[in-house]
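One structure below.
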Amino acid sequence: MKAPIEWKKWMVLVSTIWIQAFTGTNFDFPSYSTQLKSVLQISQVELNYLSMASDFGKMFGWCSGFLLLYFPVGVIVFMAALLGLFGYGLQWLLVQRLISLPYFMAFILCLSAGCSITWFNTVCFVLCIKNFPNNSPLALSLSISFNGLTAALYNLIATKITSHNNIDSTSYLILNGFLPPITSIAALFPILQSSGNNLQTDDTDNKDDAHTFVFLYILAGITGLYLLFFDTPSQSILLVVMLLVVFPLVSPKIVYVLKRARHVEGRSYSLIEMNSYSEFSEEQSTSILKMCGFGFLDKIMEKDQLKVLGEEHTARLLVTRIDFWLYYIGYFCTGTIGLVYSNNLGQICQSLGYSSETKAIVTIYSTCSFFGRLISSIPDLISCFYSPYTNAKRYTTRTGWLALSLVPMPVAFLVLFFSGSKSSLSLATGLIGICSGFVFSAAVSITSELFGSKSTGINHNILITNIPLGSLLYGVLGGVIYDHHIKGSKEAVFVGGSRVCMGRECYNETFGWWGCVSLFGLGSSFLLFVRTKKAYQDYYQRRNLVLEDTTYTL
């Protein structure tokens, strides 16, 4: 019975990979946003409101988490697919001028599409946590990372089904509407076959899991590199299908055979097993700022500081914690800006004179976001394969990795501010994609570690309320500056019947503001790292004590 159960959980993980790979439909918004703007005859600010509507749909993610308590997973997946089909299908009819809708209805359609994405994500989060209780961060990072490949996959499919030199941008809306339901049907069978609650594994299984995850991460990296560095017309859909479908399905078997042949053993650890050691002495760890002599700042940093990882927080307790608001601000000022930047890529490329390169730039952002999500799993891979008796200070905390990953974002906006060349745009877009991808992927694991795994569904949805708020604020800021330069321009430029802004000045000021805000987010993330480093170090020290006790007992 053990082998079938093990096989089922990997089938579920592969199913979440399929779902994530084809439901990141918000990434290709720049591919058809110009046509949407032209058909509705709206300003840049109003177009940004539509992109914000998709982000606003994420605020309803809690609905799917609540419904999962009372309805089967298949029902929620089916409802998510219908929401997406409704939102994107009617948008396609609108862009094709087959129907006429007021601006408010277009806003509702974008809202429905965004809600669909969040519902798919919630289902994948729950399945990963339920089927891999001891390795949920690895499962989450792997699954979520494929969400960053959606734009590249859709670009490949659109290129193959249309003329290479004349891709109909509205075809992305058709793909957005129909591919997620088709993928959901394919993924539903293995998901329904999983018992979920019976998939708790022992230490031996965890050792096998660690090596299987490494194999899958290598496979994911190969997939991302192939989509990033090969020209889309030369890419093979058959090879992508092999990388996304066939190889992931057989990976557990391959690792099992290699392990039996070489007797490979590894380790995997769970945060849950540390709960009984919450009374660990605080004297074994000292504050960084106190060591540096900043006594006053040290007192501020120690106020309401988290002492133990994994302590459950109710929603009411969560919003009273300083660490949560530092985390919220860090996400709000970095990851959300990256998302708004991606939504504006269509207009950014157009203003700089690279309209023909829009799809390639969107692919760069999407694929680099994918690699950023993969990189977020580094702390867990280190935890699996470092010696368990290594000094705790050698381990880098997840919040530390978060702060480190955000360093390139202000640099990217600085590059955009001073240069409008195609190479600069590609480089900056890639850096922003990596940073925002890391934030998106690490968010679920960090929320679980800092504020409790059982409350992750609710607490994470509270955290991502920053996305629609940031989308509104940053989007309106960019739109106002864009429209201001249109009005101040002496020469009118029309594209598709709409007046557009051309030149570096259209977004230059916006890049400056976004860069300053992302720098503030970097500072907030660093403060979170300083405040939580002690809790992470204590966690590793407690874990070592448990391992030593277990070794002596054996």
Side-chain angles (χ1 to χ4, degrees), residues 25-61 82-119 168-177 336 339-351 355 358 362 465 467-489 492-502 506-507 510:
T25 49
N26 56 323
F27 284 110
D28 59 20
F29 179 78
S31 299
Y32 58 86
S33 60
T34 301
Q35 287 76 14
L36 195 61
K37 179 182 179 181
S38 177
V39 169
L40 293 173
Q41 294 293 304
I42 57 179
S43 67
Q44 184 63 31
V45 172
E46 290 173 316
L47 180 65
N48 285 337
Y49 282 146
L50 292 183
S51 67
M52 182 272 293
S54 178
D55 298 331
F56 189 79
K58 295 177 173 62
M59 294 190 69
F60 297 96
L82 282 182
L83 285 170
L85 183 60
F86 169 75
Y88 288 115
L90 291 185
Q91 282 187 70
W92 179 81
L93 294 176
L94 176 64
V95 172
Q96 292 291 343
R97 301 182 188 273
L98 297 176
I99 61 173
S100 178
L101 295 174
Y103 177 79
F104 174 75
M105 281 303 301
F107 186 93
I108 296 298
L109 294 179
C110 292
L111 180 71
S112 175
C115 188
S116 168
I117 297 170
T118 306
W119 282 37
D168 183 5
S169 297
T170 60
S171 62
Y172 289 93
L173 287 168
I174 290 291
L175 295 176
N176 288 352
T336 301
L339 186 60
V340 175
Y341 174 82
S342 71
N343 290 337
N344 282 269
L345 270 176
Q347 281 64 51
I348 292 172
C349 292
Q350 184 185 66
S351 66
S355 295
T358 299
V362 170
T465 56
I467 294 179
L469 295 176
S471 182
L472 175 61
L473 176 62
Y474 305 134
V476 169
L477 173 66
V480 168
I481 295 174
Y482 182 94
D483 289 339
H484 172 73
H485 284 291
I486 289 180
K487 294 177 182 178
S489 177
V493 179
F494 290 89
V495 176
S498 298
R499 190 176 181 184
V500 299
C501 180
M502 299 296 294
C506 300
Y507 277 95
T510 301

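Keep in mind the model is a prediction, meaning the values are calculated, not measured.
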Check step by step if side chain to side chain contact (heavy atoms under 4.5 Å, CB included) holds for L40 and L101.
CA-CA 8 Å; L40 293 173; L101 295 174; 5.9 Å; no

Can you tell me how far [atom2] of [Y] sits from [atom1] of [X], rounded to the nearest 0.5 angstrom?
| X | Y | atom1 | atom2 | answer |
| --- | --- | --- | --- | --- |
| S38 | R97 | OG | CZ | 5.5 Å |
| I467 | T118 | CD1 | OG1 | 7.5 Å |
| S112 | Q91 | OG | CD | 9.0 Å |
| L109 | L83 | CG | CG | 11.5 Å |
| F56 | S471 | CZ | OG | 11.0 Å |
| K37 | Q350 | NZ | CD | 6.5 Å |

Mind checking whether [X] and [Y] have side chains closer than 4.5 Å, heavy atoms only?
| X | Y | answer |
| --- | --- | --- |
| N176 | Y32 | yes |
| Q347 | L47 | yes |
| L36 | L173 | no |
| N26 | L339 | yes |
| L469 | L472 | no |
| I348 | Y341 | yes |

In sequence, state the C-alpha distance, the side-chain angles, and the governing distance for L50 and I42, and then conclude on side chain to side chain contact (heavy atoms under 4.5 Å, CB included).
CA-CA 10 Å; L50 292 183; I42 57 179; 3.9 Å; yes

Can you tell me how the ring of Y103 sits relative to the ring of F107, calling it parallel under 30°, perpendicular over 60° and tilted otherwise?
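Correct class here is tilted.
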
Between Y507 and Y482, does the ring centroid distance fall short of 6.0 Å?
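Close enough - the centres of the two rings lie under 6.0 Å apart.
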
Decide yes or no on side chain to side chain contact (heavy atoms under 4.5 Å, CB included) for N48 and Y474, but give the supporting numbers first.
CA-CA 9 Å; N48 285 337; Y474 305 134; over 6 Å; no

Those residues that, when tested against F86, pass ring-ring contact (aromatic ring centres under 6.0 Å, His included) (two or more places apart):
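By the ring-ring contact (aromatic ring centres under 6.0 Å, His included) rule, F86 matches no residue at all.
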
Sequence neighbours left out, what passes ring-ring contact (aromatic ring centres under 6.0 Å, His included) with Y88? Give chain and number order.
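Per chain and number, Y88 pairs via ring-ring contact (aromatic ring centres under 6.0 Å, His included) with no residue.
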
Side chain to side chain contact (heavy atoms under 4.5 Å, CB included), paired with C349, selected from T358, N344, T34:
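One option only clears the test, and that one is T358.
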
If I compare all heavy atoms of [X] with all of [Y], which pair ends up nearest, and what's the gap?
| X | Y | result |
| --- | --- | --- |
| S43 | D483 | CB-OD2, 3.5 Å |
| V45 | V476 | CG2-O, 4.5 Å |
| M52 | P468 | CG-O, 3.7 Å |

Looking at residues at least two apart in the chain, or sitting in another chain, which of them share a disulfide bond (SG atoms under 2.5 Å apart) with C110?
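C110 satisfies disulfide bond (SG atoms under 2.5 Å apart) with no residue once adjacent residues are dropped.
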
